[in-house]
Structures are given as structure tokens and as C-alpha cells.
Amino acid sequence: MRSHRCGALRAEHVGTRVRLGGWVHRRRDLGGLIFLDLRDRDGIVQVAIGPEWTPPEVLELATNLSTESVVLVSGAVVGRPEEARNPDMATGDVEVHADRLEVIGQAELEALPIPVWRTKGEDPPAEELRLLHRHLDLRRPELQRNLALRHRLLQRTRTALTSLGFYEIETPILTKPTPEGARDYLVPSRVHRGQFYALPQSPQIYKQILMISGFDRYFQLARCFRDEDLRADRQPEFTQIDIEASFVAPDDVYSVLETLFLALWDEAGHSITAPFRRIPFHDAMEHYGTDKPDLRYEVMLTDLSDVLTGRGFRAFDEALSSGGRVRGLRVPGGAALSRRDLEALTAVAKEAGAGGLATLRRKGTNLSGPLAKLEGLSAEIAGLDDGDLLLATAGADEVTSRALDPVRRAVIARLDLPPTTAHAFAWVDEFPLFERDPETGAVMFAHHPFTAPHPADAGQLLRGERAGVRALHYDLVYNGHELGSGSIRITDAELQLRILELLGISKAEAHQRFGFLLRALRAGAPPHGGFAVGFDRVVMLLAGAESLRDVIAFPKTTAARALFEDAPTDLDPAELNELALKVDNA
RNA sequence: GGGGCUGUAGCUCAGCUGGUUAGAGUGCCGGUCUGUCACACCGGAGGCCGCGGGUUCAAGUCCCGUCAGCCCCGCCA
């Protein structure tokens with residue numbers, strides 16, 4: 001039907017006849033001469049309609065053509081006059097002199113509540129309208145580009161992992177509910193009245209079974225479902241690149257993932273280098289206050305207890321004597337921040353739970369700020385060069401970390417510090433295996449209950465100690481975003497039972513919930529481990545999009561609603577009855 | 001579950017301490033126009049001011065509730 005795509009035409013096509021299909025992006029009717037911008041997924045080309053080359057009936061058609069209608073155009077590709085070229089368009093050196101025009105799909109005005117074409121600088125239509133009229137929103141070149149990139153990244157994932165010896169294997173979408181972790185999306189069974197499937201939160205157990213079955217290396221572009229409240233970077237259904245490999249240690253997993261990420265970033269036009277940096281969890285918390293530090297910037301947290309206590313600042317001295325520390329940031333050039341900026345930083349710290357944020361600015365030899373009156377504190381002792389700023393807060397490490405991470409990011413933003421690199425990847429490892437619920441004090445999984453303990457901490461674990469036990473768990477962090485996480489799994493059924501027991505899950509309960517995994521582990525399990533990449537987030541970052549909704553064709557709203565197709569919906573009583581369900585709207 | 005922001009013409013927005021006929025740009029309709037590319041110019045139509053209640057002589061504007069979208073906290077092993 002077509003000879004070319006609109007966006008493909010170039011100077012080399014001049015002199016050829018083409019047949020194009022596309023949407024009327026814009027129309028400029030100059031009276032005797034009409035220009036159409038014809039759009040398809042590859043781009044836009046100008047179609048010129050004029051009495052010298054266009055028959056009168058086609059001219060007539062073009063005069064009444066509405067934007068967003070679908071047309072088939074035939075004509076000759078001609079070079080534009082020198083002064084009429086458009087350097088901002090990929091096809092701007094040429095145009096198509098149309099002599100045939102068929103209107104295939106007339107776009108009715110009422111069917112176009114939101115514009116596809118948008119004036120430069122104008123805000124996009126409300127998100128609600130964009131989602132409601134998704135078929136129109138998706139016509140916009142940005143979203144076409146984003147989804148094209150998503151496609152290329154998916155294909156690159158397949159080729160990269162395939163050439164590393166991975167098999168793509170699908171796992172069930174209808175699976176077994178898991179009481180731990182996120183809430184499951186549940187699916188009632190018609191055949192087994194009163195029983196339910198769950199949609200997978202991830203294919204975790206299935207991929208372990210595949211390793212035990214001897215497939216050696218598995219990946220899947222897995223759809224996952226979690227019934228939890230949404231965020232800008234969280235959708236109820238999402239895609240992860242799910243990976244598992246046998247006979248591996250963490251280094252082997254890192255190497256696979258580094259190869260994959262080199263390929264993905266290359267696909268988006270970025271050259272990055274491996275191996276990635278490694279940071280133990282403890283160091284990340286100590287130097288950045290978070291387990292997903294943005295390592296593009298050099299500013300780091302430091303322990304200021306020695307420097308700032310014993311000098312008559314009561315809040316600091318008290319924190320130290322009750323087991324806390326004074327921690328903060330030395331910010332080169334930070335003295336340039338205004339008083340208003342410093343107040344804003346203090347607000348950030350307090351918002352994050354700090355008691356306050358004390359400041360010390362050095363300009364020349366002059367020290368100013370609340371810390372300037374500390375006894376015997378000099379610029380040298382404080383470690384400040386001319387123009388530097390010191391920020392400090394005191395308390396338990398959890399409190400100061402939680403506060404100083406956002407303070408650090410706010411300082412970087414306010415000073416507009418230059419990044420030392422555009423792409424800062426790092427592995428964060430040596431996570432604790434357990435964590436405590438801050439309210440109940442109960443011990444919980446820090447990750448999932450199949451994560452292997454660090455072999456160096458096996459002794460502690462055997463003695464029943466839990467506090468300092470590390471896990472063979474790792475996160476991949478990029479520019480302050482967590483791209484994914486993984487671990488080496490437990491392959492010993494006895495150890496698996498013991499870990500579950502430490503978490504208060506009895507043997508009987510363990511068998512009821514995870515029996516199929518335990519049974520498999522007893523049948524000869526290879527050492528194995530893997531990783532899961534948050535694919536939507538990767539696409540979002542590489543596309544430069546601000547929301548996951550801009551890299552997902554049909555996303556949900558923050559209330560987990562699908563506006564375009566209007567889901568979820570009520571069911572007929574007959575349908576409910578068949579599923580043995582009653583809706584109680586009390 | 002909690003907090004914040006937003007809701008005015010098809011779309012994007014303005015609308016002051018409550019005051020007479022609710023505006024702009026764009027799109028749309030009609031007209032002029034042969035080198036535009038945000039075409040230009042002339043004219044026109046277009047409003048449940050999200051919804052419900054209240055205060056007031058008077059509400060787009062103030063108050064209460066509610067719905068929707070977005071952002072954040074909790075949550076997301």
C-alpha cells in the first residue's frame with residue numbers, strides 16, 4: 001500500500017515517486033497552495049499541494065481536510081527551493097508534490113478532545129484527559145519515541161542475554177497467593193468455588209525451581225503485579241527483566257548484569273564502562289545516608305562528633321552521651337548559599353525527622369552561623385576552606401542518615417553542583433539479612449526469605465544472632481535510583497527451614513506455604529542466584545521521561561484505575577454468583 | 001489510611017480584599033491569501049467556573065462535604 005514511511009524521505013529520494021500513508025499533523029492553507037505535514041511513526045514530511053502538479057479535485061479535497069485524518073498520498077519527491085528548506089526537520093530538504101489523495105479515515109472534530117500537535121511551551125493536556133484519550137496521546141511523537149526505545153531495549157535485552165546462554169522461559173500468571181510482602185491481586189477460581197489464584201509479585205520461586213530443574217540460565221521479561229499504593233515511579237503492574245543463573249557467586253551475577261547494562265545504555269546512545277563500583281551497605285549509609293546514593297556528586301557525609309562536641313553545644317553533647325553521633329556535610333563553595341537557602345535546608349532536615357540543622361559558613365577568615373560561637377572552634381578544626389559550608393545534625397544514626405540524605409540532595413540541587421560523571425552505576429552489597437519493624441520490634445525479612453546469608457556470618461547465625469548477619473543480597477544503583485536487586489539463594493532445605501523458623505514461621509507453616517520449593521531443594525539443587533531489573537524505570541531514565549506513565553502504553557492512574565478502558569468495573573450478579581462471590585458495600 | 005496541590009470555553013491558562021455583561025492564547029466555523037513550516041490577516045460562534053450544601057443583599061472568588069487527577073508519607077518481603 002505504501003512505498004515509504006513519511007519520516008524516511010531524504011534528499012536521495014528526489015526524483016522518485018512515492019506513496020505515503022499517515023495522519024494529517026498540521027495543515028497550512030495559503031490559498032492557492034496548501035501544505036500538509038504528514039505524520040507516521042517515523043516522523044513528519046511536508047506534502048505540497050498546488051495547481052501546477054495537483055488535479056483540481058484533489059485540491060478541493062485537501063482544502064476540506066481535517067487534522068488527524070488518515071490519508072494516502074501519491075506524488076513526486078522534489079527538493080525544496082533553497083530558501084524553503086527546514087533544517088529543523090529530518091525531512092526538511094524535500095517535500096512531496098501530491099497528485100493523488102485519498103481520505104481513508106476522516107477524523108471527526110468531536111473525536112479529538114485533546115490535541116496531538118501542541119504549541120511550543122504550552123503545557124500538555126491534563127493527565128486525566130491524556131489517559132482517558134490514550135489513543136490520541138500515544139500519537140504524540142514523544143510517546144512514539146519512548147515506546148520505540150522501549151521496544152529496542154526489550155530486543156537488546158533478549159539478544160544480550162541469549163548470547164550469554166540464557167533461555168527465555170515463561171512462568172505462570174495465575175499462581176499461588178503469598179501472605180508476605182506486597183498485597184496480591186487475587187483471581188477467583190470458577191471451578192474451585194471459594195478458592196483464589198494470585199497474580200505474581202515476581203516469578204521468584206518459579207525461577208529457582210527452573211535452576212533446580214537444570215536450565216542453568218533463565219531470563220524473562222516478566223509482568224509483575226502488586227496491589228499497593230502508587231507513586232510517580234510505581235505502577236500496579238510492571239515489567240521486570242527477571243534473571244537467574246546456576247553455579248554463580250555474586251561476581252558472576254554482576255558480570256552478567258554489567259554486560260546487559262552496557263548493551264542497554266549503548267542502545268540509548270550512551271557509552272559506559274564496567275565493572276561498576278561496589279559499596280557495602282554500611283558504607284553507603286555512612287557516607288550518603290541512603291542505600292541508593294547518587295554517586296555523580298562527591299559531597300559525602302562525615303562524622304563530626306570529635307569536632308563539634310565538648311564545645312558547649314548542648315544538643316550535640318547530649319546526643320553523644322546517649323549513644324548517638326554528630327554527623328554532617330562539608331560543602332565546598334557552600335558559603336554561597338543564602339540565609340533563605342539554609343533555612344530551606346533546615347526545613348528539609350526537620351521534615352525528615354532531624355531535631356535541627358546547625359550551620360557554619362566560612363567567608364575569608366570570618367565564620368558565621370550558629371556553630372560559630374562554639375568554644376575553641378576554628379576554621380582549621382572544622383576543616384573549612386574559604387567559601388565552605390558545614391552542616392551538622394545530631395542523634396541516632398538512623399535519624400541523622402534519614403535527614404542528611406535529603407539535605408545532601410537539596411544542597412546539590414541548590415548549588416547546582418556539576419556531576420563528576422553522567423552515569424554513576426554502583427553495586428550496593430552486604431545488606432543486613434534481617435531488619436526490625438520499628439514499631440513492633442519484630443524481626444522481619446529485609447528482602448525475601450530465600451536470600452542466602454553471607455558465609456562469613458554463618459557462625460553468628462548458627463548461634464541464633466540476627467543483628468549483624470549480612471545477606472548475599474545486592475542492589476544496582478544508578479544516579480540515585482535503584483534499578484534492581486538480587487541475591488544468591490538458599491539451596492539447602494534445612495537452612496531454608498531454619499531461616500523461616502528464625503522469622504517465626506513454623507515447620508508446618510513453611511511446608512504449607514513453600515512446600516513445593518522445599519521439596520525441590522531436597523532433590524538436588526545447584527548453587528544459584530539472580531537479579532530483577534525494574535525495566536519500566538530503566539526505560540523512563542533512558543527516555544528522559546518524568547513519569548512511568550510516559551513509557552507504558554496503557555498505564556494506570558495513582559488510584560490504580562485504567563481510565564481509557566474503564567477498569568476495574570462492577571460485575572453482574574450472575575457473574576459474581578458463578579464465582580461464589582458476594583459484594584458487601586457496607 | 002494521612003497530608004498537599006489542582007479542577008473556569010474542545011485544549012492551555014488568567015480572573016486581585018466577594019460586586020454589575022467571566023477574559024486571553026490556541027483550536028473550531030466563515031472570508032482573503034502561491035513558499036508556508038506556531039503561515040499571516042479580517043470576522044464569528046463557543047461557559048453546569050468538577051459536583052452537592054452553606055454563609056451573604058450578592059459566590060468563579062469565603063466555609064463544609066464530595067468526586068477526579070497529580071505529588072508526597074505510610075505501604076511496596
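Sequence lines set the chain letters: A, B, ... in the order given, protein chains first and strands last, and positions in each chain run from 1. Heavy atoms only: backbone and side chains are in, while hydrogens, waters and symmetry mates are out. A quick note: this is a predicted structure, and the numbers were derived from the prediction, not measured.
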Inter-nucleotide C1' distance (B/rA9, B/rU66), Å rounded: 25 Å

Sugar-phosphate, base or nothing in reach of A/Leu109, heavy atoms under 4.0 Å: sugar-phosphate

Minimum-distance nucleotide (side-chain atoms of A/Leu33 versus B/rU34, B/rC75, B/rG10): B/rU34

Touch class at under 4.0 angstrom, heavy-atom based, for A/Glu127 against every strand present: sugar-phosphate

Residues A/Lys292, A/Glu482: salt bridge by 4.0 Å N-O rule: no

Sugar-phosphate, base or nothing in reach of A/Glu83, heavy atoms under 4.0 Å: nothing

Sugar-phosphate only, base, or nothing, as touched by A/Arg27 at under 4.0 Å among non-hydrogen atoms: nothing

Shortest side-chain distance from A/Asp229, nucleotide among B/rC75, B/rA38, B/rC37: B/rC75

Touch class at under 4.0 angstrom, heavy-atom based, for A/Glu82 against every strand present: nothing

Shortest side-chain distance from A/Ala126, nucleotide among B/rC76, B/rU12, B/rC37: B/rU12

Euclidean distance for C1', B/rG27 against B/rA38 (whole angstrom): 12 Å

Heavy-atom donor-acceptor pair, A/Asp42 side chain to A/Cys6 backbone, under 3.5 Å: no

Sugar-phosphate only, base, or nothing, as touched by A/Ala559 at under 4.0 Å among non-hydrogen atoms: sugar-phosphate

Pairing partner (Watson-Crick or G-U wobble, both distances under 3.5 angstrom) of B/rU26: B/rG10

Touch class at under 4.0 angstrom, heavy-atom based, for A/Asp29 against every strand present: base

Comparing A/Thr558 and A/His448 on RNA chain B - which has the more 5′ nearest nucleotide: A/Thr558

Base B/rC76 to side chain A/Arg226, donor-acceptor N/O within 3.5 Å cut-off: no

Presence of donor-acceptor pair under 3.5 Å, side chain of A/Asp37 and base of B/rC37: no

Sugar-phosphate only, base, or nothing, as touched by A/Arg39 at under 4.0 Å among non-hydrogen atoms: nothing

Sugar-phosphate, base or nothing in reach of A/Pro124, heavy atoms under 4.0 Å: sugar-phosphate

Sugar-phosphate only, base, or nothing, as touched by A/Ile34 at under 4.0 Å among non-hydrogen atoms: nothing

Atom P, compared across B/rG69 and B/rA58: separation rounded to whole Å: 35 Å

P gap between B/rG35 and B/rA22, integer Å: 42 Å

Distance, P atom - from B/rG23 to B/rG46, rounded to whole angstrom: 13 Å

Pairwise C1' distance for B/rC28 and B/rC11, with rounding to whole Å: 11 Å

Atom-pair distance (CG on A/Asp137; C1' on B/rC11), nearest Å: 13 Å

Proximity to the side chain of A/Thr67 - top-ranked nucleotide from B/rG74, B/rG69, B/rC28: B/rC28

Selected nucleotide, minimal atom distance to A/Arg231 side chain, candidates B/rC28, B/rC75, B/rC11: B/rC75

B/rG25 and B/rC62, which share atom name P, separated by this distance in whole Å: 27 Å

Pairing nucleotide - B/rA45, Watson-Crick or G-U, each distance under 3.5 Å: none

Distance in Å, A/Arg39 CZ paired with A/Gln144 CD, rounded so as to fall on 0.5 Å steps: 7.0 Å

Complementary nucleotide of B/rC70, counting Watson-Crick and G-U pairs under 3.5 Å: B/rG4

Parallel, tilted or perpendicular: rings of A/Trp427 and A/Phe531 (30°, 60°): perpendicular

Presence of donor-acceptor pair under 3.5 Å, side chain of A/Glu95 and base of B/rG35: yes

Atom P, compared across B/rC42 and B/rC49: separation rounded to whole Å: 32 Å

Base partner of B/rG65, which must satisfy Watson-Crick or wobble distances under 3.5 Å: B/rC51

Sugar-phosphate, base or nothing in reach of A/Arg80, heavy atoms under 4.0 Å: base

Touch class at under 4.0 angstrom, heavy-atom based, for A/Ala232 against every strand present: sugar-phosphate

Closest-nucleotide 5' rank along RNA chain B - winner of A/Glu546 and A/Glu435: A/Glu546

Parallel, tilted or perpendicular: ring planes of A/Phe450 versus A/Phe514, cut at 30 and 60 degrees: perpendicular

Any donor-acceptor N/O pair under 3.5 Å between B/rU36 base and A/Gln46 side chain: yes

Listed nucleotide nearest any side-chain atom of A/Trp117, set B/rU12, B/rA38, B/rU34: B/rA38

Plane angle bin for A/Phe225 and A/Tyr185 - parallel if under 30°, tilted between 30 and 60°, otherwise perpendicular: perpendicular

For A/Arg489, the option from A/His528, A/Glu244, A/Gln208 that meets side chain to side chain donor-acceptor pair (under 3.5 Å): A/Glu244

